[in-house]
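See structure below.
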Protein chains: 4
Amino acid sequence: MAKLQKSIDKRNALIKATIELVNNSGFHATPMSKIAKMANVSPATIYLYFENKQDLVNQTYLEVKTKYTDFVFKTYDESTSVKTGFELIWKRIAEFNINECEYSFFLNQCNNTPIIDEPSRKEGIRHLQPLLDLWERGKKEGVIKPISDYILYAYSINPLSYLMIAQKQYEFQLNKTHVEEAFLSAWDSIKR
Amino acid sequence: MAKLQKSIDKRNALIKATIELVNNSGFHATPMSKIAKMANVSPATIYLYFENKQDLVNQTYLEVKTKYTDFVFKTYDESTSVKTGFELIWKRIAEFNINECEYSFFLNQCNNTPIIDEPSRKEGIRHLQPLLDLWERGKKEGVIKPISDYILYAYSINPLSYLMIAQKQYEFQLNKTHVEEAFLSAWDSIKR
Amino acid sequence: MAKLQKSIDKRNALIKATIELVNNSGFHATPMSKIAKMANVSPATIYLYFENKQDLVNQTYLEVKTKYTDFVFKTYDESTSVKTGFELIWKRIAEFNINECEYSFFLNQCNNTPIIDEPSRKEGIRHLQPLLDLWERGKKEGVIKPISDYILYAYSINPLSYLMIAQKQYEFQLNKTHVEEAFLSAWDSIKR
Amino acid sequence: MAKLQKSIDKRNALIKATIELVNNSGFHATPMSKIAKMANVSPATIYLYFENKQDLVNQTYLEVKTKYTDFVFKTYDESTSVKTGFELIWKRIAEFNINECEYSFFLNQCNNTPIIDEPSRKEGIRHLQPLLDLWERGKKEGVIKPISDYILYAYSINPLSYLMIAQKQYEFQLNKTHVEEAFLSAWDSIKR
DNA sequence: GATGAATGAGTCTTCATTCAT
DNA sequence: GATGAATGAAGACTCATTCAT
């Protein structure tokens, strides 16, 4: 059991190192040797846990994406009104983007560049299924604009990614007021 | 002059090749030799026009960004109303994103990953100064929400980047109706 | 005793795996881990039985060579005539080459390439001493050509190795008639 | 032209180094870096002339084999008697084996191990077509035993490879008398 | 200005071998 | 004895950059 735990720890350390380094330098500019060093293992050890570099990033991506989805819908309950439900989900996403910005920056990079295998990325926004369902209901109830989910996503969810990046790259600090303002904009953009 | 033209042609061919290859494979997965081959020059020739690979991408970035800004504000006239001015600019940006998606995909990749020198990227959204000025006026006139430009940008402009990527990566086709719908969302999200 | 038998079994399994893998891929293209897997033991276990990879192959070579010599001279009896004795030995060698081609292919590969330690290989054809003695007698009796044993070997014994390889690599199938024909050629080439 | 010559020189140096090093250590025990060093070029330069290590060895094999065939049949003339023709070819092969033993050792190693691509090796003994034709004629004339070419080759030609190896590995020196004796054995083994 | 050849530095990956259990 | 995990060392191969022409 101690041994198994040690293995899991190493795998986690590798995933963590991958996220941090890929965030700072990008996939191709991150050598396996650096990942190994940061995780305190030998480069050869990586290959006990992952098939190759691509596999390492793919698995990291899937793992982070799962963390994201789990977090986002943890408190969600389908029985609320559309607006309440949306606010709930939106705020969780915002919280994730702000508090776990290492994760969200990584996800964002994977979504915007060709470093992830097609199959892994093609999954697209389907992992947000409960949100899509909510929108569906909202459209039927006449609360949400009857437009493509892609557009709804582009205007209500994706801006958070931009704000997260802006916060990381420019001299812009997101505070509580900003989040409220952002939510209003999000809701305004999709509400009927 | 024929000679000068030939030089300009080569430089342009190199920039064009850089955009296409970086779009498809990313910065680090794009060897200089491939860029050279696609531009029909020798690898050594690149170094007559650019200091090194980083410089090549930086200059490409600046060039594309200039094209973008030039296009976006070409028809803009400060004397219009805020809403009209915004619609004008927004639609130009949309047009650029859709028709010159090679360019916008490249810009987006540069903005979201660490492939560009800090100085070039740090500039943020300042290159859209006329738009920022317009928003300033809008806030004073009480037409635009009195919130940070970053948020305004995140909700009214950045979604177009997402839609452009969605169009490239998923099975989503942007048509004229979509653009109108998107504009409404954009305006709704920032109007007071 | 059960324990001892288990040990011997493991050692044999390792030798068997070594032969098969080296035959198919060559010495250096055969990782210890593969040998271990095929023998159903851990890589570390190999080092309980052999000092290192070189030692494993050397011992395998010696073991196979012993099998070869034992088989070849098992039915031999020095009291026969030279021709009868030669036929007896030759046919045993042929039988070994054909029926135990895994073994002979391995021996051949060791003899023709630098994968075996010099000392092991330098021994040359001395392991066939009874045959050399028979030839000596044959030369004295005027039945065998009075030429170097190396030449006698090259023309009467070594061709079998070639035929064995030809059978494995090309579309040539050795049948009983071929063997008889081959024996005639062998005898013709060394008889006075 | 000076440049072209330099290129050819480099390629030749690489082929020469490959032969020598593979002869002494085998394919897999010969690092590209060693080949490069012996040929006085950078490891990277090898890849200007050959696709990869396998390609380097394949091309080396084909080149050497061509040298072999060219040499063997250079003086051959189909109009002679079968025996004279055979003696002519045989002695050229012997000469090649003795004088160019680097080449023949290399060929032998390639023929006996799985280091060469199947296609390259599968060609088998077909490159000796004129000799096969001569044998055909000999069989029709009743001068040569009516047996498989593989057996004829095994007994008349292949022994030279063994003698060449014996000379290299053991304390056996081939002199003129040996060659004559060997030829007699060769002829005896295939003549009717 | 233009180039093809050349390369040093660096990358991913493998593998014989060891060691704690 | 037996093992699976771990790794240092090494190897094939790539690529940004230079330089003689």
Side-chain angles (χ1 to χ4, degrees), chain A residues 1-4 6-7 10-11 27-36 40-56, chain B residues 3-4 6-7 10-11 27-37 39-57, chain C residues 3-4 6-7 10-11 27-37 39-56, chain D residues 1-4 6-7 10-11 28-36 40-56:
Chain A
M1 187 163 121
K3 228 175 191 178
L4 180 62
K6 238 177 125 188
S7 270
K10 263 176 199 170
R11 192 175 179 282
F27 173 61
H28 285 287
T30 300
M32 294 295 260
S33 55
K34 247 190 196 167
I35 297 176
N40 271 320
V41 297
S42 155
T45 303
I46 301 181
Y47 294 86
L48 295 178
Y49 297 90
F50 305 94
E51 259 180 57
N52 50 38
K53 197 181 177 185
Q54 185 64 59
D55 183 46
L56 167 60
Chain B
K3 241 182 185 173
L4 180 61
K6 236 178 125 188
S7 273
K10 268 180 194 169
R11 192 174 179 284
F27 174 61
H28 281 99
T30 300
M32 295 293 263
S33 55
K34 243 191 196 169
I35 297 176
K37 199 167 286 171
N40 272 320
V41 298
S42 155
T45 304
I46 301 182
Y47 293 84
L48 298 177
Y49 296 89
F50 305 94
E51 257 179 61
N52 51 36
K53 196 181 179 185
Q54 187 63 60
D55 182 46
L56 166 60
V57 182
Chain C
K3 240 180 188 175
L4 180 62
K6 235 177 126 190
S7 272
K10 267 179 195 169
R11 192 175 180 283
F27 173 62
H28 280 98
T30 300
M32 294 295 261
S33 55
K34 245 191 196 170
I35 297 177
K37 200 167 286 171
N40 272 320
V41 297
S42 156
T45 303
I46 301 183
Y47 292 84
L48 298 177
Y49 295 90
F50 306 94
E51 256 179 60
N52 51 35
K53 195 181 180 185
Q54 187 63 60
D55 182 46
L56 166 59
Chain D
M1 186 162 123
K3 228 174 191 179
L4 180 62
K6 238 177 126 187
S7 270
K10 262 175 199 170
R11 192 175 179 283
H28 285 287
T30 300
M32 295 295 260
S33 55
K34 247 190 196 168
I35 297 176
N40 271 320
V41 297
S42 155
T45 303
I46 302 182
Y47 295 86
L48 295 178
Y49 296 90
F50 306 94
E51 259 180 57
N52 50 38
K53 197 180 177 185
Q54 186 64 61
D55 183 46
L56 167 59

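Both backbone and side-chain heavy atoms feed into the values below; hydrogens, waters and symmetry mates do not. Proteins come first, then strands; the chains are lettered A, B, ... in the order of their sequence lines, and each starts at number 1.
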For [N], take OP1 and OP2 only and decide whether either is under 4.0 Å from a side-chain N or O of [X].
{"X": "T45(C)", "N": "dT3(F)", "answer": "yes"}
{"X": "K10(B)", "N": "dA2(E)", "answer": "yes"}
{"X": "Y49(B)", "N": "dA2(E)", "answer": "yes"}

Gap separating the CD1 atom of I35(B) from the OG1 atom of T45(B), nearest 0.5 angstrom: 13.0 Å
Atom pair CD1 (I46(B)) and CG (D55(B)), whose distance is rounded to the nearest 0.5 Å: 11.5 Å
Nucleotide nearest [X] (side chain, heavy atoms from C-beta), chosen from [options]:
{"X": "K53(B)", "options": "dG11(F), dT3(F), dT17(F)", "answer": "dT17(F)"}
{"X": "A44(B)", "options": "dT18(F), dA16(E), dT14(F)", "answer": "dT18(F)"}
{"X": "Y47(C)", "options": "dA16(E), dG1(F), dT7(F)", "answer": "dA16(E)"}

Value in whole Å for how far the [atom2] atom of [N] lies from [atom1] of [X]:
{"X": "F50(C)", "N": "dT17(E)", "atom1": "CZ", "atom2": "P", "answer": "13 Å"}
{"X": "L48(C)", "N": "dC19(E)", "atom1": "CG", "atom2": "P", "answer": "14 Å"}
{"X": "M32(A)", "N": "dG11(F)", "atom1": "CE", "atom2": "P", "answer": "20 Å"}
{"X": "Q54(B)", "N": "dT17(F)", "atom1": "CD", "atom2": "C1'", "answer": "15 Å"}
{"X": "K34(A)", "N": "dC12(E)", "atom1": "NZ", "atom2": "P", "answer": "11 Å"}
{"X": "E51(A)", "N": "dC12(E)", "atom1": "CD", "atom2": "P", "answer": "16 Å"}
{"X": "H28(B)", "N": "dT14(F)", "atom1": "NE2", "atom2": "C1'", "answer": "14 Å"}
{"X": "K37(B)", "N": "dA16(F)", "atom1": "NZ", "atom2": "C1'", "answer": "15 Å"}

Contact nearer the 5' end of DNA chain F, comparing P31(D) with S33(B): P31(D)
Comparing F27(C) and V41(B) on DNA chain E - which has the more 5′ nearest nucleotide: V41(B)
DNA chain E: 5'-proximal contact among N40(B) and P43(A) (nearest heavy atom): N40(B)
So, for [X] and [Y], which heavy atoms are closest and what is the spacing to 0.1 Å?
{"X": "K53(B)", "Y": "T30(B)", "value": "NZ-O, 2.8 Å"}
{"X": "A36(C)", "Y": "S42(C)", "value": "CB-C, 3.8 Å"}
{"X": "P43(C)", "Y": "S33(C)", "value": "CG-CA, 4.5 Å"}

Stems formed with participation of DNA chain E [Watson-Crick or G-U wobble, under 3.5 Å, three or more pairs]: E:2-21 with F:2-21
Residues which pass side chain to side chain contact (heavy atoms under 4.5 Å, CB included) with K34(C), listed by chain and number, not counting sequence neighbours: L21(C), P31(C)
Side chain proximity check, L56(D) to M32(D), heavy atoms < 4.5 angstrom: yes
Atom CD of E51(A) with >12 non-hydrogen neighbours under 6.0 angstrom: no
Donor-acceptor pair under 3.5 Å, S42(B) side chain vs dG4(E) base: yes
